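Before any comments, here is the structure.
The structure presented is a predicted model; accordingly, all values stated were derived computationally and were not measured. Hydrogens, waters and symmetry mates play no part in the numbers below; they use all other heavy atoms, side chains included. Numbers here are sequence positions counted from 1.
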Amino acid sequence: QVQLVESGGGLVQAGGSLRLSCAASGRTFSRYAMGWFRQAPGKEREFVSAISSYSGTSTIYADSVKGRFTISRDNTKDTVYLQMNSLKPEDTALYYCAAKQTYSMSGIYSSAVPYDDWGQGTQVTGAS
């Protein structure tokens with residue numbers, strides 16, 4: 001099991017930027033494929049982005065954030081990031097990071113089902 005703590009959320013004007021961080025502890029971080037999900041009030045949790053384990057050479061994005069958000073990882077800091085640019089009011093949600101231990105360097109997951117560990121979330125509010 002790995003413990004995850006998100007940070008970096010806040011209130012931002014439309015068109016602005018935020019960088020979310022997710023710090024992991026408890027296990028060898030590089031073995032984990034990581035993902036970001038979000039949940040807006042009254043809506044189901046949805047996939048945002050994911051990055052493969054180890055060197056993180058593979059990344060995937062939801063269509064709604066493609067070209068605006070960038071996921072990355074720093075295994076020396078046991079942290080995954082989500083750089084969010086050109087924010088829109090519809091990006092308003094509670095953002096969660098999730099971890100899935102994998103021994104495959106190509107493992108990457110856009111479904112919430114495979115993920116074993118979740119953070120508590122950080123709120124992002126995009127003001128119009």
Side-chain angles (χ1 to χ4, degrees):
Q1 186 178 7
V2 63
Q3 290 74 45
L4 304 172
V5 179
E6 302 96 334
S7 62
L11 174 65
V12 61
Q13 294 296 316
S17 298
L18 282 175
R19 188 177 79 157
L20 304 184
S21 300
C22 174
S25 61
R27 288 290 186 269
T28 304
F29 177 71
S30 61
R31 294 178 182 171
Y32 286 82
M34 302 297 294
W36 285 97
F37 293 79
R38 67 187 182 186
Q39 187 166 19
K43 295 187 177 181
E44 294 187 353
R45 182 175 53 189
E46 66 174 359
F47 169 75
V48 175
S49 182
I51 189 167
S52 56
S53 57
Y54 298 97
S55 58
T57 53
S58 297
T59 58
I60 50 175
Y61 298 92
D63 288 343
S64 59
V65 307
K66 200 172 294 183
R68 299 188 297 123
F69 291 10
T70 303
I71 190 171
S72 62
R73 66 187 300 153
D74 185 342
N75 291 337
T76 67
K77 296 181 179 179
D78 294 350
T79 301
V80 63
Y81 303 98
L82 185 67
Q83 178 66 44
M84 305 187 296
N85 298 329
S86 302
L87 279 161
K88 304 176 181 179
E90 51 263 43
D91 293 319
T92 295
L94 189 61
Y95 283 70
Y96 299 91
C97 70
K100 166 64 177 176
Q101 186 172 356
T102 175
Y103 295 97
S104 168
M105 296 182 70
S106 61
I108 189 168
Y109 310 95
S110 60
S111 167
V113 173
Y115 290 95
D116 302 308
D117 301 298
W118 294 80
Q120 294 300 306
T122 186
Q123 179 67 38
V124 172
T125 302
S128 57

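Closest of all the heavy-atom pairs between Pro89 and Thr92 is O-OG1, 2.8 Å. Contact record, Tyr115 with Ala50: OH-CB, 3.7 Å, taken as the closest heavy-atom pair.
The distance from the OG atom of Ser58 to the CD1 atom of Ile51 is 8.5 Å, given to the nearest 0.5 Å. Atom OG1 of Thr79 sits about 12.5 Å away from atom CG of Leu20, to the nearest 0.5 Å. For the atom pair Arg73 CZ and Ser53 OG, the distance stands at 6.5 Å (nearest 0.5 Å). Distance check: Thr28 OG1 to Tyr54 OH gives 8.5 Å after rounding to the nearest 0.5 Å.
For Arg68, the salt bridge (charged side-chain N to carboxylate O under 4.0 Å, His left out) criterion is met by Asp91, not counting sequence neighbours. The side chain to side chain contact (heavy atoms under 4.5 Å, CB included) search around Ser7 returns Ser21, not counting sequence neighbours. Here Asp74 pairs with Thr76 under the side chain to side chain donor-acceptor pair (under 3.5 Å) rule; sequence neighbours left out. Ala24 meets the side chain to side chain contact (heavy atoms under 4.5 Å, CB included) test with Val2, Leu4, Phe29; sequence neighbours excluded.
The hydrophobic clustering, which links ILVMFWY residues whose side-chain heavy atoms are closer than 4.5 Å, places Tyr32 and Ile108 apart.
For residues 46-92, no residue pair satisfies the disulfide bond (SG atoms under 2.5 Å apart) rule, not counting sequence neighbours. Sequence neighbours left out, the pairs with a member in residues 7-104 that pass disulfide bond (SG atoms under 2.5 Å apart) are Cys22-Cys97. The salt bridge (Lys or Arg N to Asp or Glu O under 4.0 Å) contacts involving residues 113-128 comprise Lys100-Asp116, where partners must be two or more places apart or lie in separate chains. Among pairs with a residue in residues 51-89, none fulfils disulfide bond (SG atoms under 2.5 Å apart), at least two apart in sequence or across chains. For the disulfide bond (SG atoms under 2.5 Å apart) condition, no pair includes a residue of residues 23-65, sequence neighbours left out.
Under the 4.5 Å side-chain criterion, counting only non-hydrogen atoms from C-beta, Tyr61 is in contact with Thr59.
Among Tyr96, Trp118, Tyr109, the one residue that satisfies the ring-ring contact (aromatic ring centres under 6.0 Å, His included) test with Phe37 is Trp118.
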All N/O donor-acceptor pairs, side-chain side in residues 80-88, below 3.5 Å, sequence neighbours left out:
from	atom 1	to	atom 2	distance (Å)
Gln83	NE2	Asn85	OD1	2.9
Asn85	OD1	Ser17	OG	2.9

Return a table of donor-acceptor pairs under 3.5 angstrom between the side chains of residues 119-128 and protein atoms on other chains or two or more places apart.
from	atom 1	to	atom 2	distance (Å)
Thr122	OG1	Gly9	N	3.1
Gln123	NE2	Ala93	O	3.3

Side-chain atoms of residues 39-49: list all donor-acceptor pairs with protein atoms under 3.5 Å, sequence neighbours left out, distances to 0.1 Å.
from	atom 1	to	atom 2	distance (Å)
Gln39	NE2	Lys43	O	3.1
Glu46	OE2	Arg38	NE	2.6
Glu46	OE2	Arg38	NH2	3.1
Ser49	OG	Ile60	O	2.9

